[in-house]
Amino acid sequence: MVPVFGLKEYQQRVQQNNDTLYVVNMWATWCKPCVEELPYFDSLRTEWKDRPVHFIWVSHDAKSRTKQVADFLSKNNYTAEVFILSAGNPNVWIDQIEPKWSGSIPATILYKNGQKTGFHEGDFPDKKTLQDFIHAKQ
Amino acid sequence: MQKLLFTLLAFVGFSVATMAHEGYHVGETISNFSLKNVNGKNVSLSDYKDAKGFIITFTCNHCPYSVAYEDRIIALHNTYAAKGYPVIAINPNDAVQYPSDNFENMQIRAKEKKFPFVYLHDETQEVAKKFGFLRTPHMFVVQKSGDKYVVKYIGAIDDNWEDAAAVTEKYVESAVNALLNGQTVAIPNTKAIGCSIKWKK
């Protein structure tokens, strides 16, 4: 089952002091550009499974749709860590996550040792662009 | 000298931040436009002789956020059209990439939901580009001032898209009420999650 997290749980999950790079992708099952770029994330996750890189896909589907999100993941054989973020007023928590973010998805944020090291709003046109972004910002 | 340098740096930083954000900002004047309504007739802002302003929403058929807000957008129109602020809904999505957002499906959706407001098709995406909007649904409240239309609010309808009953802040209503009372809008910009726009390839 897909868990539902609030903002505090989100922050605790992505900000850890363990030298691991956390690649956080903001997406939703209903967002076409989001769904189109998930294969790039999934492919890098498989390639880098022995590296200190951890992918988290943060879903912005409604919290009442955990089953639909789980079905989508299993249908596509996606096994990345996924949770639904349900954090109250978006006008408050979007800025708390990233002030530069308009709230448009997809968006990608990188964290390492508790610090945000990269932010990208919009989709990645291909896997290489995503890979270059992660390399430049880690 | 050091102080001057700091001032210059601050200015450069500000300019870069401003340039990165395209489209209309609060306080700016928007251009009039003419787009095809679901009834086949073109509509432009200047057709509304008695309007004091408009509640412009960029929306579409397929986005769950937009669908979740449909009833609230209808309610906004029913409350504020008579007071001089009708809703104008614009669908800018590329029908090639999103067949569910094509003109025929807009007509079907408008009929099903009995939209009391105009639902316009921005087929070339030129209007959306001028607004520079980033996601759907995205609201712009504009006020007529002489022959100009000035942006007074940009952002979300309210603070809870999932549950209309749990809303505590009605941003668009507060903005329009303030304008109707001759006051300034207390919260002129808000953020919300929404799907990025599919621009034509």
Side-chain angles (χ1 to χ4, degrees), chain A residues 4-7 10 24-38 57-69 71-72 83-109 119-126, chain B residues 13 16-18 20-23 25 58 60-69 93-94 96-101 132-139 153-164 166-172 174 187-199 201:
Chain A
V4 178
F5 284 177
L7 187 66
Y10 168 89
V24 178
N25 178 238
M26 303 293 189
W27 72 292
T29 56
W30 46 263
C31 166
K32 190 173 174 179
C34 303
V35 169
E36 282 173 355
E37 68 168 8
L38 286 180
W57 299 358
V58 177
S59 157
H60 294 275
D61 288 87
K63 62 178 182 287
S64 56
R65 292 179 56 87
T66 51
K67 188 182 176 303
Q68 286 86 345
V69 175
D71 289 348
F72 169 87
F83 58 82
I84 291 176
L85 182 66
S86 179
N89 184 353
N91 191 46
V92 175
W93 64 255
I94 290 170
D95 275 340
Q96 288 172 342
I97 288 180
E98 173 52 59
K100 289 201 290 284
W101 184 20
S102 76
S104 168
I105 54 174
T108 300
I109 311 172
F119 169 71
H120 175 84
E121 181 165 331
D123 54 342
F124 290 97
D126 49 49
Chain B
V16 170
T18 312
H21 186 91
E22 292 169 11
H25 297 81
F58 286 91
C60 63
N61 295 323
H62 86 276
C63 322
Y65 276 76
S66 299
V67 173
Y69 269 122
N93 263 346
D94 180 11
V96 177
Q97 295 180 71
Y98 280 106
S100 60
D101 282 335
F133 82 106
L134 295 160
R135 55 187 187 268
T136 52
H138 210 155
M139 315 295 292
Y153 173 81
I154 301 177
I157 295 176
D158 55 43
D159 64 356
N160 196 320
W161 73 277
E162 283 188 68
D163 185 1
V167 166
T168 57
E169 300 232 30
K170 296 182 174 179
Y171 299 120
V172 168
S174 302
I187 305 176
N189 285 284
T190 58
K191 290 185 175 182
I193 290 289
C195 194
S196 59
I197 276 313
K198 298 294 287 186
W199 300 106
K201 283 183 177 159

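What you are looking at is a predicted structure, and each value in this text was computed from that prediction instead of being measured. Every chain is numbered from 1 and lettered A, B, ... according to where its sequence line falls, protein lines coming before strand lines.
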K.L.:
Is it the side chain or the backbone of A/Trp93 that comes within 4.5 Å of chain B heavy atoms, both, or neither?
P.N.:
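Contact with chain B is through the side chain of A/Trp93 alone.
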K.L.:
Measure the acute angle between the ring planes of A/Tyr10 and A/Phe83, then classify it against the limits of 30° and 60° as parallel, tilted or perpendicular.
P.N.:
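Plane angle over 60°, so perpendicular.
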K.L.:
For B/Asp163, is it the side chain, the backbone, both or neither that has a heavy atom under 4.5 Å from a heavy atom of chain A?
P.N.:
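Nothing of B/Asp163, per the 4.5 Å heavy-atom cut-off to chain A.
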K.L.:
Which pair of heavy atoms, one from B/Lys170 and one from B/Ser174, lies closest together, and at what distance?
P.N.:
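Closest approach of B/Lys170 to B/Ser174, heavy atoms only: O-OG, 2.8 Å.
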K.L.:
Minimum heavy-atom separation for A/Leu7 and A/Ile97, please, with both atom names.
P.N.:
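Answer, listing the atom of A/Leu7 first, then A/Ile97: CD1-CG1, 3.7 Å.
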K.L.:
Heavy-atom distance under 4.5 Å to chain B: side chain of A/Ile94, backbone, both or neither?
P.N.:
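Contact with chain B is through the side chain of A/Ile94 alone.
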K.L.:
If you define the side chain from C-beta out and look only at heavy atoms, does anything of A/Leu38 sit under 4.5 Å from A/Phe72?
P.N.:
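Answer yes - side chains close enough.
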K.L.:
Pick from A/Asp95, A/Asn89, A/Asn91: which one has the most heavy-atom pairs with chain B under 4.5 Å?
P.N.:
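Looking at each option in turn, the highest pair count goes to A/Asn91.
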